[in-house]
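Notes follow the structure.
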Amino acid sequence: MGTILVTGGAGYIGSHVCLAVAEAGHDVVVVDNLVNGSATAVERVGELTGASIELHVVDVTDRAALDRALDAHDVDAAIHLAGLKSVGESMAEPLRYYDVNINAAISLIGALERHGVFRLVFSSSATVYGEPDGVPIPETARRRSINPYGRTKQLQEDLFFDVAAADPRWHIGLLRYFNPVGAHPSGRIGEDPAGTPNNLMPYLMQVAVGRRDDLTVFGDDYPTPDGTCIRDYLHVVDLADGHVAALDALDDVAGCRPWNLGTGEGYSVLEVIGAASRAIGRPVPHEVGPRRPGDVPELVADVTRAQNELGWRAERDLAAMCADHWRWQQQNPDGYRVGA
Ligand code: WQD
């Protein structure tokens with residue numbers, strides 16, 4: 001099994017992807033600038049798998065450093081997760097998001113090409129769909145991102161489509177994540193957002209562990225059964241397994257191919273709070289506040305293409321997502337910080 005280069009492998013999703021790829025028998029090399037990641041996460045993946053995961057503290061936009069990392073290993077394929085990923089932050093700092101995310105993709109493609117590596121899995125996002133015409137959302141739905149972060153994902157997809165159209169040596173998979181939550185059942189790796197969490201589950205869990213006051217539900221007047229937004233939450237271990245399935249399918253991909261990674265099941269904010277409260281063993285204090293700008297009522301994946309073409313489907317339910325996320329949060333109340 002060849003060596004896989006994982007950019008952003010020190011992050012929440014990235015560390016779980018490294019674990020799944022190592023467990024599938026690959027050697028793993030990580031490049032990560034640690035802006036949104038932790039060297040401790042990489043160390044713990046090594047402990048959990050018995051594999052020696054090499055970490056290069058490198059910014060993917062640093063082409064010389066990326067070349068050095070690729071010179072040092074016989075890389076068979078790359079998984080690209082490195083990038084800035086906060087919707088709210090992207091609205092405040094659009095230029096930084098375009099600069100970092102687009103230049104990282106350009107830098108990586110160039111480095112891979114120079115090293116004869118033409119197999120790539122890209123961490124894309126359901127955000128590229130913007131407000132869908134309907135749910136469940138197929139990969140053929142129009143892409144119309146509604147925020148700078150989503151537009152940088154859409155632009156990276158366009159870059160990969162064009163590169164693959166120009167050079168048939170490329171085999172590229174675009175994985176459109178819906179809402180990743182949860183953690184490895186060991187509780188040793190998990191989500192550790194820098195600053196105030198933007199997303200529901202990490203915020204909820206920080207409230208439950210006592211790091212934050214009550215959770216605000218952003219609106220309960222949406223056109224949904226209980227008035228709160230519905231999302232397709234996906235266990236991060238299932239998500240990571242989807243990357244291994246995509247790697248294995250790349251040789252059959254002519255050019256560039258998107259796949260949704262979700263469960264096909266939607267849960268409302270209140271349903272998630274209920275499931276989390278059951279996992280935690282006590283109610284999570286919350287209050288209803290105003291809507292958050294940019295939120296859409298419902299986002300649920302059509303997952304048939306990944307099932308048919310990757311032989312992949314999510315196996316873990318919402319209860320497992322909440323139980324595993326809570327175990328991580330309880331065992332690591334301050335995330336990966338020193339002394340944690
Ligand atoms: C889910 C629901 C909120 C926090 C985002 C990105 C997407 C992807 C996943 C990267 C919404 C509600 C949230 C809170 C709340 N990330 N909520 N109180 O917005 O579906 O997707 O994360 O790719 O790109 O857009 O996820 O977890 O932020 O919100 O009520 O404190 O929870 O309004 O309805 P979202 P989320």
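Along the sequence shown, residues carry numbers from 1. Worth knowing before you read on, the calculation uses all heavy atoms, side chains too, and leaves out hydrogens, waters and symmetry mates. As the structure lists them, so they are numbered: ligands from 1, and atoms in each ligand from 1.
- Using a 4.0 Å cut-off between charged nitrogen and carboxylate oxygen, D133 and R144 count as a salt-bridge pair.
- The residue among V217, D232, L200 with a heavy atom at the shortest distance from atom 32 (O) of ligand 1 is L200.
- Between R292 and D295 a salt bridge is recorded (basic side-chain N to carboxylate O distance below 4.0 Å).
- Ranked by closest heavy atom to atom 23 (O) of ligand 1, the top entry among Y203, Y149, Y177 is Y149.
- Taking the six-membered ring for Trp and thresholds of 30 and 60 degrees, Y149 and Y97 have ring planes more than 60 degrees apart, a perpendicular arrangement.
- Close contacts of ligand 1 with L215, meaning ligand atoms under 4.0 Å from a residue heavy atom, involve 31 (O).
- Contacts between T216 and ligand 1, counted as non-hydrogen atom pairs separated by less than 4.0 Å, involve the backbone only.
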Legend entry - Y233/T263 under side-chain hydrogen bond (donor to acceptor under 3.5 Å, both in side chains): CA gap, chis, key distance, verdict: CA-CA 7 Å; Y233 297 94; T263 65; over 6 Å; no
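- In this structure, a donor-acceptor pair under 3.5 Å is absent between the side chains of D220 and T228.
- The aromatic rings of Y12 and H325 lie tilted to each other, with the angle between the two planes from 30° to 60°.
- Among protein heavy atoms, the minimum distance from atom 29 (O) of ligand 1 is reached at R292 NH2, 3.3 Å.
- Ion pairing between a basic and an acidic side chain is recognised when a charged N comes within 4.0 Å of a carboxylate O; E89 and R96 show such pairing.
- For atom 20 (O) of ligand 1, the closest non-hydrogen atom of the protein is R231 NE, 2.6 Å.
- When non-hydrogen atoms are compared, ligand 1 lies under 4.0 Å from the backbone of N199 as well as from its side chain.
- For the residue pair A306 and L261, the shortest heavy atom distance occurs at CB-CD2, 4.4 Å.
- The nearest heavy-atom contact from the protein to atom 6 (C) of ligand 1 is V87 CG2, 3.8 Å.
- If you check which protein heavy atom lies closest to atom 26 (O) of ligand 1, you get N179 ND2, 3.1 Å.
- Among protein heavy atoms, the minimum distance from atom 34 (O) of ligand 1 is reached at C229 CB, 3.0 Å.
- Atoms of ligand 1 lying under 4.0 Å from any heavy atom of S125, numbered from 1 in the order shown and given with element: 23 (O), 24 (O).
- Between D158 and R143 a salt bridge is recorded (basic side-chain N to carboxylate O distance below 4.0 Å).
- The protein heavy atom nearest to atom 30 (O) of ligand 1 is F218 N, 2.9 Å.
- Under a 4.0 Å heavy-atom criterion, Y233 is in contact with ligand 1.
- Regarding atom 7 (C) of ligand 1, its nearest protein heavy-atom neighbour is T127 OG1, 3.2 Å.
- Nearest protein heavy-atom contact of atom 12 (C) of ligand 1 is V269 CG2, 3.8 Å.
- In this structure, a donor-acceptor pair under 3.5 Å is absent between the side chains of R44 and Y336.
- No salt bridge links R68 with D71; every basic N to acidic carboxylate O contact stays at or beyond 4.0 Å.
- Not a single N or O atom of K85, backbone or side chain, sits closer than 3.5 Å to an N or O atom of ligand 1.
- With a 4.0 Å heavy-atom cut-off, ligand 1 is reached by the backbone of N198 but not by any atom from C-beta on.
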